[in-house]
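Notes to accompany the following structure.
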Amino acid sequence: MKIRRFSMRDYQEVRRLWEECGLEIRPGDAREEVRRKVSRDGELFLVAEEKGTIVGTAMGAWDGRRGRIYHPGVHPSRQREGVATGLVSEIEERMTRKGVLKVNAIVFEDNAASLGFFKELGYIADKKSVLHGKLLTRRGDGESF
Ligand SMILES: CC(C)(COP(=O)(O)OP(=O)(O)OC[C@H]1O[C@@H](n2cnc3c(N)ncnc32)[C@H](O)[C@@H]1OP(=O)(O)O)[C@@H](O)C(=O)NCCC(=O)NCCS
């Protein structure tokens with residue numbers, strides 16, 4: 001299995017994968033929004049590919065203060081094989097090389113797989129904080145974290 005950087009040529013396949021593994025598609029996942037993200041720090045958006053098929057993906061981001069992991073997703077037929085661990089570990093390494101001190105991930109409290117996954121990777125839930133968000137533009141519909 002090869003871990004490599006996402007390319008916009010992968011967009012349709014990755015979007016289908018997000019849907020197949022049950023990730024909620026947000027306005028920020030639209031093609032043009034993803035293009036903007038890739039032009040900013042595309043080296044943190046990775047896919048896991050096997051025999052020409054993308055089996056997993058995870059999107060890292062760095063705002064200059066904190067790192068963030070978005071959308072770890074692995075095809076249901078390939079879960080519990082270490083695919084997401086490989087992807088997130090590579091993002092963490094890339095962030096470390098950039099000088100990122102801390103990385104956060106949003107985990108929904110009803111997502112047992114995600115809770116178990118991030119806990120296993122050493123992410124600690126901050127019980128005192130509640131995520132707040134505000135939509136600033138009208139490029140998409142609804143909320144977008
Ligand atoms: C969460 C997800 C990305 C994990 O991907 P994965 O490739 O299966 O994860 P890994 O194989 O690297 O798992 C590493 C460890 O995380 C923990 N873990 C992974 N899936 C788990 C689950 N369903 N329940 C509990 N713990 C889990 C385990 O400790 C696992 O190690 P083990 O298999 O030796 O017990 C995957 O379940 C997925 O795509 N879920 C649907 C999409 C989603 O909800 N993404 C999260 C959005 S924040």
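Read the numbers this way: they start at 1 and go in the same order the structure lists the ligands and their atoms. FYI, side chains are in, hydrogens and waters are out, and symmetry mates aren't considered; it's all heavy atoms of this structure.
Checked against a 3.5 angstrom limit, the closest N/O atoms of Arg78 and ligand 1 fall outside it. Polar contact with ligand 1: absent for Ser114 (N/O pair, distance under 3.5 Å). Checked against a 3.5 angstrom limit, the closest N/O atoms of His71 and ligand 1 fall outside it. Between Ala84 and ligand 1, a contact under 3.5 Å exists for at least one N or O pair. Ligand 1 has a nitrogen or oxygen under 3.5 angstrom from a nitrogen or oxygen of Val74. Remark: ligand 1 and Ile106 share no N or O pair separated by less than 3.5 Å (distance only, no angle test).
Contacts of Glu109 classified as side chain to side chain donor-acceptor pair (under 3.5 Å), with partners at least two apart in sequence or in another chain: none.
Proximity of atom 34 (O) of ligand 1 to the protein is not indicated, since no non-hydrogen protein atom lies closer than 4.0 angstrom. For atom 3 (C) of ligand 1, a protein heavy-atom neighbour is present inside the 4.0 Å cut-off.
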Worked check of salt bridge (charged side-chain N to carboxylate O under 4.0 Å, His left out) between Lys37 and Glu33: CA-CA 6 Å; Lys37 186 273 176 298; Glu33 300 299 321; over 6 Å; no
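Of the protein's non-hydrogen atoms, Arg80 NE, 3.9 Å is the one closest to atom 30 (C) of ligand 1. Atom 42 (C) of ligand 1 has as its closest protein heavy atom Cys21 O, 3.5 Å. Counting only heavy atoms of the protein, atom 23 (N) of ligand 1 lies nearest to Ala113 CB, 3.2 Å. Closest to atom 16 (O) of ligand 1 among all protein heavy atoms lies Phe117 CA, 3.3 Å. Closest protein heavy atom to atom 44 (O) of ligand 1: Asn111 ND2, 2.7 Å. Ranking the protein heavy atoms by distance from atom 15 (C) of ligand 1 puts Glu120 CG, 3.6 Å first. Closest to atom 45 (N) of ligand 1 among all protein heavy atoms lies Pro72 O, 2.8 Å. With hydrogens left out, the protein atom closest to atom 47 (C) of ligand 1 is Leu23 CD2, 3.5 Å, a heavy atom.
Within the 4.0 Å heavy-atom shell around ligand 1 one finds Gly82. At least one heavy atom of Gly73 sits under 4.0 Å from some atom of ligand 1.
In the hydrophobic clustering of this structure, Val38 groups with Ile25; members are Ile, Leu, Val, Met, Phe, Trp, Tyr whose side-chain heavy atoms approach within less than 4.5 Å, directly or through other members. Linking ILVMFWY residues whenever their side-chain heavy atoms come closer than 4.5 Å, directly or via other members, places Val100 and Val88 in the same cluster. Cluster membership for Tyr123 and Val74, using ILVMFWY side-chain heavy atoms within less than 4.5 angstrom, is shared.
Heavy atoms from both the backbone and the side chain of Thr85 come within less than 4.0 Å of ligand 1. Contacts of Glu81 with ligand 1, taken as heavy-atom pairs under 4.0 Å, involve the backbone alone. Heavy atoms from both the backbone and the side chain of Gln79 come within less than 4.0 Å of ligand 1.
In this structure, the side chain of Ser89 does not engage the main chain of Gly86 through any donor-acceptor pair within 3.5 Å. Judged by distance alone, with hydrogens and angles left aside, the side-chain atoms of Glu13 form a donor-acceptor pair with the main-chain N or O of Ile54 at under 3.5 Å.
The CG atom of Asn111 lies 11.0 Å from the CD atom of Glu24; values are rounded to the nearest 0.5 Å. How far CE of Met95 is from CZ of Arg68: 10.0 Å, rounded to the nearest 0.5 Å.
Residue Val83 approaches ligand 1 through these ligand atoms, each under 4.0 Å from one of its heavy atoms: 7 (O), 12 (O).
Using a 4.5 Å heavy-atom threshold, the side chains of Trp62 and Val103 count as separate. At least one side-chain heavy atom of Asp41 sits under 4.5 Å from a side-chain heavy atom of Glu43.
Using bins of under 30°, 30° to 60° and over 60° for the plane-to-plane angle, the ring pair His71/Trp18 lands in the perpendicular bin.
The residues Glu90 and Arg94 are annotated as salt-bridged, a charged nitrogen and a carboxylate oxygen being separated by less than 4.0 angstrom.
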